[in-house]
Q: 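Sharing a structure, written as structure tokens. Questions coming.
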Amino acid sequence: MTAAHVTPWGAVTGGAFRANAGRLALSVAAIALGVALGYAVQLINQAAVNELSAGLATVAGDADLEIRGPRSGFDERLFFDVASRDDVALASPVVALDAKLAAEKGELAILGIDVFRAGPIQPGLIGESEDGLDTLRPDAIFLSAAAADALGAHRGDRIAVLVGLAPVELRVAGLLSAQTGGRLGVMDIAAVQDTFGRIGRITRIDLRLRPGTDIEAVRASLQAMLPPGVSVEKPEASLRAATSLSRAYRVNLNVLALVALFTGGLLVFSTQALAVVRRRTQLALLRVLGMKRRELARMLVAEGALVGTAGAMLGLVAGYALAAIAVRVFGSDLGAGYFRGVEPRLGVEPLSALLFFLLGVGAAVLGSLAPALEASNAQPGPALKAGDEQHAFARLRAPWPGIALWVLGLAASFLPPVRGLPVFGYLAIACLLVGTIMLMPRVAHALLSVAPRPRSVPAALAIDQLRGAPGQASVSLAAVVASVSLMVSMAIMVASFRQSVDDWLERVLPADLYVRASMSTDTAYLSAADVERLAAVPGVRRIEPLRVQQIRLDADRASVALLAKPVEASDPSRQLPIVGTHIVPKPGDPPPAWVTEPMVDIYGFTPGRRIELPIAGRMAPFFVAGVWRDYARQQGAVMIQRDTFVALTGDADANAVAVWLAADAQLETVSRKVVEAIPGGGNLEVATPGEIRDVSLTVFDRTFAVTYALEAAAVLIGLFGLSSSFGALVLARRREFGVLRHLGMTRQQVGAMLAAEGFAVSAVGLAVGLAIGWLISLILIYVVNRQSFHWGMELHVPWVGLSALGAVLLALATVTALVSGRQAMGKDVVRAVKDDW
Amino acid sequence: MLSLHDVSKAYAGPRTRTVLAGIQLDLARGDYVAVMGESGVGKSTLLNLVAGLDRPDAGAIRVEGVDITRLDDDALTTLRRARMGFVFQAFHVLPYLGVAQNVALPLALLGVAAREADRRVAEMLEAVGLADRGASMPRELSGGELQRVAIARALVHRPAIVLADEPTGNLDPDSAAQILTLLRERIKAGDAIGILVTHSHAAAATADRILTLTRTGLREESAG
């Protein structure tokens with residue numbers, strides 16, 4: 001009996017898998033890379049948010065409502081008024097602050113609680129100790145496991161926190177019972193108030209209401225009795241506020257990772273399209289023998305799905321490993337600083353895994369769809385004849401789908417954000433990119449038509465071949481154009497951002513020296529007396545103290561920074577990087593306030609508008625005198641004059657002081673004297689503008705390290721695509737090369753022809769990629785970044801870098817084409833003219 | 001069984017080119033005809049129309065009483081799968097399938113059970129003289145042997161119509177003679193209608209009748 005087993009599936013795909021194993025492996029790798037990047041980013045983001053959420057849930061415990069005020073606190077007598085209400089079953093007062101640790105050990109979030117009141121509501125915050133009275137002792141602190149690990153502290157050890165500039169030692173009495181990933185310390189509330197100078201002030205009241213009470217009604221009733229700047233919300237609002245700041249960043253990272261997957265899908269398209277061209281007569285034969293169009297199309301799409309499945313499975317495994325490495329190297333916020341103090345624990349996240357698995361398969365299926373439809377719809381009779389390959393992509397030349405996408409993309413770029421996310425900006429980029437790829441046959445034909453015909457025969461043949469088959473060239477170009485344009489657009493965006501940050505640093509750091517206690521914690525500061533001592537140091541010509549506080553304008557959003565320093569109202573551009581024009585206050589106007597760009601976008605604080613800010617327990621009137629650029633505080637900031645702030649609050653302390661030196665003063669000498677003149681001066685950070693600038697740009701580069709990695713992935717996939725498609729094209733044209741060799745063309749000349757083709761295709765891809773990349777960068781800068789982060793920036797094109805990159809890509813692509821086509825120069829090609837196929 | 005009634009076909013272009021005009025043809029089971037004509041006169045077009053791979057501009061083509069010009073692509077494909085066999089000048093044997101697998105392809109498309117398919121493939125390979133080559137790959141076969149494989153594939157599913165387009169165009173004279181003899185034998189054995197398109201008078205002479213296709217239509221010439 002003869003083994004005659006064959007299935008329709010085997011008849012369609014047997015040729016593909018055996019003849020294209022290498023190219024299919026590249027496609028699998030591209031999909032795997034895209035899925036790995038996307039899944040890794042998702043895992044990291046999800047782990048950080050989960051940990052943040054768990055931490056906040058531990059802090060909130062079983063509270064139904066939270067009354068929250070600014071970090072500077074509110075009058076604790078409010079607690080008694082609230083706790084005595086009939087609808088309140090339990091009330092727990094809390095003092096929450098971020099403390100700076102001495103000896104540059106970082107920060108620690110500290111909660112001061114009343115253990116008797118907090119126990120029923122937040123049992124996770126109760127410390128475990130052999131001595132039960134430790135929860136009441138003034139020097140005792142209980143640490144979360146993450147905090148203890150980070151500080152290397154054990155029970156009985158001592159840690160030092162800064163109060164002003166003076167270190168205060170606390171005894172580690174034990175660990176918290178809650179398993180939270182955040183760095184947290186818990187002390188007795190009175191001890192916190194006493195230690196950190198918060199006598200009579202609290203920052204939060206957690207409430208459990210009586211059973212059956214209407215929470216919304218109680219919330220509304222409570223809000224009416226609260227002072228300005230204090231609000232009552234459900235505990236979920238804290239998570240929304242905490243995660244709102246990082247939401248745009250996380251979404252942008254997700255989108256960047258999906259871009260890598262999209263480029264992988266394009267690679268699958270290139271590979272499948274050219275594989276279908278090569279198998280054109282085989283597939284036509286199957287149609288003649290009686291395979292229906294739909295059957296053939298289904299099987300070709302299933303080929304793509306197999307590639308996607310293999311790639312997605314590999315990608316999920318690689319993605320988990322990548323996430324674990326990235327968290328270890330970059331931290332849970334990938335260097336951006338959104339989740340400081342959060343120690344995430346990576347989980348497998350089945351739903352996310354399923355999503356990215358489906359995305360990987362989907363990208364491959366979509367990439368296979370057009371080639372499958374092309375093959376199944378081809379007329380079988382003509383397709384059986386050799387030479388019909390030129391008609392293979394005739395349908396791709398229709399311009400209207402690409403033009404329609406362009407129009408849609410341009411229109412979308414003018415649309416506003418959706419819930420704070422630049423959804424239409426992303427759509428605009430996708431439309432422009434896909435539209436350009438669809439127009440590539442026409443664009444390639446136009447560009448190649450005007451290219452001068454080289455004198456060298458191999459190069460001339462190369463140009464003739466490309467002109468005659470622009471559809472095939474376009475298939476090769478798809479992945480190249482996508483990856484180059486994405487790389488160029490991100491390079492321009494990052495360069496623009498970096499240059500803007502550098503220029504901004506130069507404007508906001510005009511002094512000779514900067515002395516800083518802390519800009520982000522609540523406990524380290526220079527007292528008014530310290531500021532006076534600093535001003536009196538020999539060699540100091542003048543100083544400019546800066547005070548920073550946090551105020552809450554919206555319960556669902558992160559707190560806004562309130563900054564106070566001496567600002568010249570008639571010309572604030574001397575102290576602030578003002579954007580646009582400013583308004584000079586007239587007599588009778590409320591005090592001026594200068595707001596940052598996010599305040600305009602988020603809160604509508606436009607120049608000239610009268611506003612009220614919750615300061616020191618009352619709503620203080622101001623008018624918006626101008627807008628200034630600030631890259632340090634994404635949540636928004638308001639600058640007021642120091643005199644106004646001191647008058648409202650009585651607070652003459654400073655977080656930082658800018659120092660101008662006398663003409664004959666020595667920088668090192670003055671720095672040393674500053675530290676010596678101030679008690680606790682060793683805990684100060686003293687830096688020159690240059691040093692601050694270097695650190696800032698290092699942080700910037702680290703933040704964008706992930707972006708650079710994703711860019712590199714896109715370029716790599718593009719080169720994969722070029723290599724794969726060139727190899728496929730060479731196989732499809734074996735007969736042609738065989739004829740040329742018969743006619744007397746040497747192997748070197750065939751190689752030169754292939755190199756010329758690779759150069760020409762890459763040059764077209766590079767030119768189009770540069771142009772589209774520039775356009776996309778405008779959308780990234782003026783739409784995506786603006787709507788995501790509310791930052792403005794100036795366009796800066798890194799011409800030198802892009803030129804160098806272009807030259808390298810061109811060379812790499814040419815070499816890739818040559819190496820991929822080495823089969824064309826072999827002896828087997830000569831025999832190809834005699835082959836059946 | 002197969003009838004073409006007033007069939008015409010033209011191709012659009014800078015100037016519309018009429019390839020076939022007013023073609024009339026009636027064939028019954030067992031008829032084996034050769035179609036000859038100058039290059040470009042439309043012989044392959046005629047085959048494509050009969051196979052349902054192209055549609056006439058006018059006229060009707062009936063296969064076993066069914067007007068195939070009114071069928072959609074799926075119905076045409078199903079008809080072709082079950083009732084037609086093809087032999088090409090370029091053989092068109094799939095290089096990645098073995099000889100037996102290539103012959104079995106029409107049966108696989110028809111969903112014939114594996115055991116029955118095996119039996120019929122073996123029978124057909126025996127009939128074309130390749131009984132011991134079932135496991136070989138196409139690259140191991142000569143041109144004549146490849147055409148035998150193609151003939152076996154064209155007949156394994158017992159089609160009603162066999163269409164052969166220059167089946168000996170790529171063969172040496174001895175192999176060509178053997179193939180033509182084999183083709184006639186198998187078509188007659190299956191009581192199928194055979195249409196042989198050829199430039200060669202010697203090849204055409206193996207058919208029952210010779211038809212000449214001209215720009216004015218099909219004209220019959222006598223055959224031995």
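These numbers were taken from a predicted model, which means no experiment stands behind them. Quick note on labels: first sequence line is chain A, next is B, and so on, each numbered from 1. What's counted below: heavy atoms across the whole structure, side chains too, no hydrogens, waters or symmetry copies.
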Q: Answer yes or no: is there an ion pair linking B:Asp72 with A:Arg293, defined by an N-O contact shorter than 4.0 Å?
A: no
Q: Just to verify, what does B:Glu38 make a side chain to side chain contact (heavy atoms under 4.5 Å, CB included) with, not counting sequence neighbours?
A: none
Q: Chain A heavy atoms under 4.5 Å from B:Arg153: which part of the residue, side chain, backbone, both or neither?
A: side chain
Q: Taking heavy atoms only and a threshold strictly under 4.5 Å, list by residue number the residues of residues 306-314 of chain A that touch chain B; give 'none' if the list is empty.
A: none
Q: My understanding is that only residues two or more places apart in sequence, or in another chain, count here; which of them pass side chain to side chain contact (heavy atoms under 4.5 Å, CB included) with B:Ala164?
A: B:Val87, B:Pro167, B:Leu183, B:Leu196
Q: At their closest point, which heavy atom of A:Ala11 faces which heavy atom of B:Leu94, and how far apart are they?
A: O-CD1, 4.3 Å
Q: If you tally heavy-atom pairs under 4.5 Å against chain A, which of B:Leu105, B:Leu79, B:Asp73 wins?
A: B:Asp73
Q: Check whether any side-chain N or O of B:Arg80 sits under 3.5 Å from a backbone N or O of A:Arg287 as a donor-acceptor pair, and report yes or no.
A: yes
Q: Please say whether more than 12 non-hydrogen atoms of neighbouring residues, nucleotides or ligands are located less than 6.0 Å from CZ in A:Arg294.
A: no
Q: Give the minimum heavy-atom separation between B:Ala108 and A:Pro8, together with the two atoms involved.
A: O-CG, 4.0 Å
Q: Shortest non-hydrogen contact from B:Phe88 to A:Val288?
A: CZ-CG1, 3.9 Å
Q: List for me each residue that meets side chain to side chain donor-acceptor pair (under 3.5 Å) alongside B:Ser200, sequence neighbours excluded, and say none if there are none.
A: none
